[in-house]
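Written below as structure tokens is the structure these notes are about.
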Amino acid sequence: MSKHTLQQDAHSTDRPRTDEAELPTVVRLAGVTHEYGSSGARGVSGSDRAVTALEDVSLDVHAGEIVGFEGPSGSGKSTILHAVSGLLVPSSGTVELLGTPLEGRSNRQRTRLRREHVGIVFQRFHLLPSLSARANVALPLVQTGLPRTARRERAETLLERVGLAERITHLPGELSGGERQRVAIARALVTDPDVIVADEPTGELDTETGADVLELLTDIGRDRAVLVASHDEPTLAVADRVITLRDGRVVSDGS
Ligand code: ADP
Ligand code: MG
């Protein structure tokens with residue numbers, strides 16, 4: 001797929017919408033509560049004090065939906081995205097990815113589910129500085145058993161798709177912030193995941209560059225679920241549905 005195709009797609013009129021009820025549920029949270037610092041919780045900080053980051057959160061996300069998470073700093077946006085990605089196991093409640101509950105699984109099983117089904121985009125890109133754009137994008141494919149040549153070709157296709165055909169062998173340090181985030185998006189897509197989780201993906205970018213990145217995310221959302229945490233208006237404007245969090249609780253869900 002060329003950059004040209006992508007841009008045409010991104011500028012086309014409304015995305016085709018089907019009744020959400022007909023589309024498969026890709027992410028389900030049921031009664032999810034998470035405390036950092038309590039026994040049994042993972043990702044514990046140095047502090048002894050337990051912090052309730054999520055409280056009784058329930059929501060379903062369907063294929064093709066772009067869901068925005070908004071709320072002040074500390075309201076639990078990142079914790080939700082980490083729970084969806086299987087990066088943490090909530091203190092209680094259920095997280096299901098494509099109908100498979102994540103709790104009760106070993107770290108290894110969760111990692112495998114994440115690798116197969118979830119692509120993650122972070123605010124600060126998280127690219128390996130010593131690897132080219134292509135090698136960064138190809139990295140998630142190393143575990144798949146795909147031969148090296150095929151991995152490189154797939155990475156190049158994705159880099160072309162995000163408009164970086166000319167930057168394939170560049171190191172992250174040789175790229176602008178917006179280009180780095182495009183590399184990160186290409187990396188998140190390289191395994192063709194069912195879910196894209198993006199935590200403040202435009203937080204480090206200027207308005208115009210952020211808009212380009214959002215256009216990409218919208219395009220991506222066409223056939224998969226996109227969960228995006230943000231406090232900025234333009235980012236939330238691309239969402240089909242915005243969920244507002246306060247102190248770890250869902251206070252509104254615009255579905
Ligand atoms: P947001 O992404 O909306 O800013 P977070 O999910 O990062 O919110 O945080 C929710 C709450 O959990 C906050 O009170 C935050 O301080 C706390 N928290 C987040 N990560 C940790 C951690 N690793 N250890 C302890 N507390 C944490
Ligand atoms: Mg956060």
Side-chain angles (χ1 to χ4, degrees), residues 27-61 65-97 102-103 107 110-111 114 118-127 177 180-181 184-185 187-188 195-207 209-210 213-214 217 221 225-239 241-255:
V27 173
R28 166 164 290 169
L29 271 66
V32 170
T33 292
H34 188 64
E35 279 185 16
Y36 288 103
S38 67
S39 58
R42 287 164 210 267
V44 169
S45 70
S47 148
D48 285 344
R49 203 171 54 89
V51 175
T52 303
L54 295 178
E55 211 168 336
D56 196 20
V57 172
S58 298
L59 54 97
D60 284 1
V61 181
E65 246 189 323
I66 302 179
V67 179
F69 291 88
E70 68 160 1
S73 184
S75 57
K77 303 181 297 295
S78 294
T79 305
I80 286 201
L81 298 187
H82 286 186
V84 167
S85 321
L87 289 169
L88 65 79
V89 179
S91 315
S92 63
T94 310
V95 178
E96 284 178 20
L97 263 187
L102 294 182
E103 78 270 14
N107 282 335
R110 277 204 319 280
T111 302
R114 176 167 66 250
V118 186
I120 307 180
V121 179
F122 298 98
Q123 179 173 359
R124 290 192 178 80
F125 327 129
H126 289 220
L127 302 175
R180 287 182 216 178
Q181 196 58 305
I185 290 174
R187 180 185 54 189
V195 185
I196 294 281
V197 160
D199 198 354
E200 316 243 4
T202 60
E204 301 267 303
L205 307 175
D206 62 61
T207 311
T209 313
V213 162
L214 287 176
L217 275 179
V226 179
L227 282 70
V228 55
S230 183
H231 358 265
D232 71 51
E233 275 308 314
T235 305
L236 296 165
V238 304
R241 168 181 162 203
V242 174
I243 293 176
T244 307
L245 297 170
R246 292 275 182 282
D247 299 328
R249 288 178 173 278
V250 173
V251 293
S252 81
D253 183 340
S255 58

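Note that ligands are numbered from 1 as they come in the structure, with each ligand's atoms numbered from 1 the same way. All of these numbers come straight from a predicted model, not from anything done at the bench.
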* What protein N, O or S atoms come within a distance below 2.8 Å of the Mg ion (ligand 2), ordered by chain and number? -> Ser78 OG
* Asked: What about Gly76: any of its N or O atoms under 3.5 Å from an N or O on ligand 1?
  -> yes
* Is any side-chain heavy atom of Val27 less than 4.5 Å from a side-chain heavy atom of Val195? -> yes
* Asked: Can you find a pair of side-chain heavy atoms, one from Leu245 and one from Val250, that are under 4.5 Å apart?
  -> yes
* Short side-chain donor-acceptor distance under 3.5 Å, Ser91 and Glu35 -> no
* To do: Just jot down the ligand 1 atoms closer than 4.0 angstrom to any heavy atom of Ser73, in number order.
  => 4 (O)
* Do the side chains of Ile80 and Phe69 get nearer than 4.5 Å, heavy atoms only? -> yes
* Step-by-step side-chain hydrogen bond (donor to acceptor under 3.5 Å, both in side chains) determination, Asp56 to Thr33 -> CA-CA 5 Å; Asp56 196 20; Thr33 292; 5.3 Å; no
* To do: List in chain and number order the residues that pass salt bridge (charged side-chain N to carboxylate O under 4.0 Å, His left out) with Arg28, two or more places apart in sequence or in another chain; answer none if no residue qualifies.
  => Asp60
* **Side chain, backbone, both or neither: Thr79 near ligand 1, heavy atoms under 4.0 Å** => both
* For Leu205, does its backbone N or O pair with a side-chain atom of Thr209 as donor and acceptor, under 3.5 Å? -> no
* Asked: With no hydrogens and no angle check, is any side-chain donor or acceptor of Arg187 less than 3.5 Å from a backbone partner on Phe125?
  -> yes
* To do: Any atoms of ligand 1 less than 4.0 Å from a non-hydrogen atom of Val51? List them with their elements.
  => 12 (O), 14 (O), 17 (C)
* So is there a nitrogen or oxygen of Ala53 less than 3.5 Å from a nitrogen or oxygen in ligand 1? -> no
* For ligand 1, the portion of Pro72 having any non-hydrogen atom under 4.0 Å away -> backbone
* **Within-4.5 Å side-chain heavy-atom neighbours: Arg241 and Val67** => yes
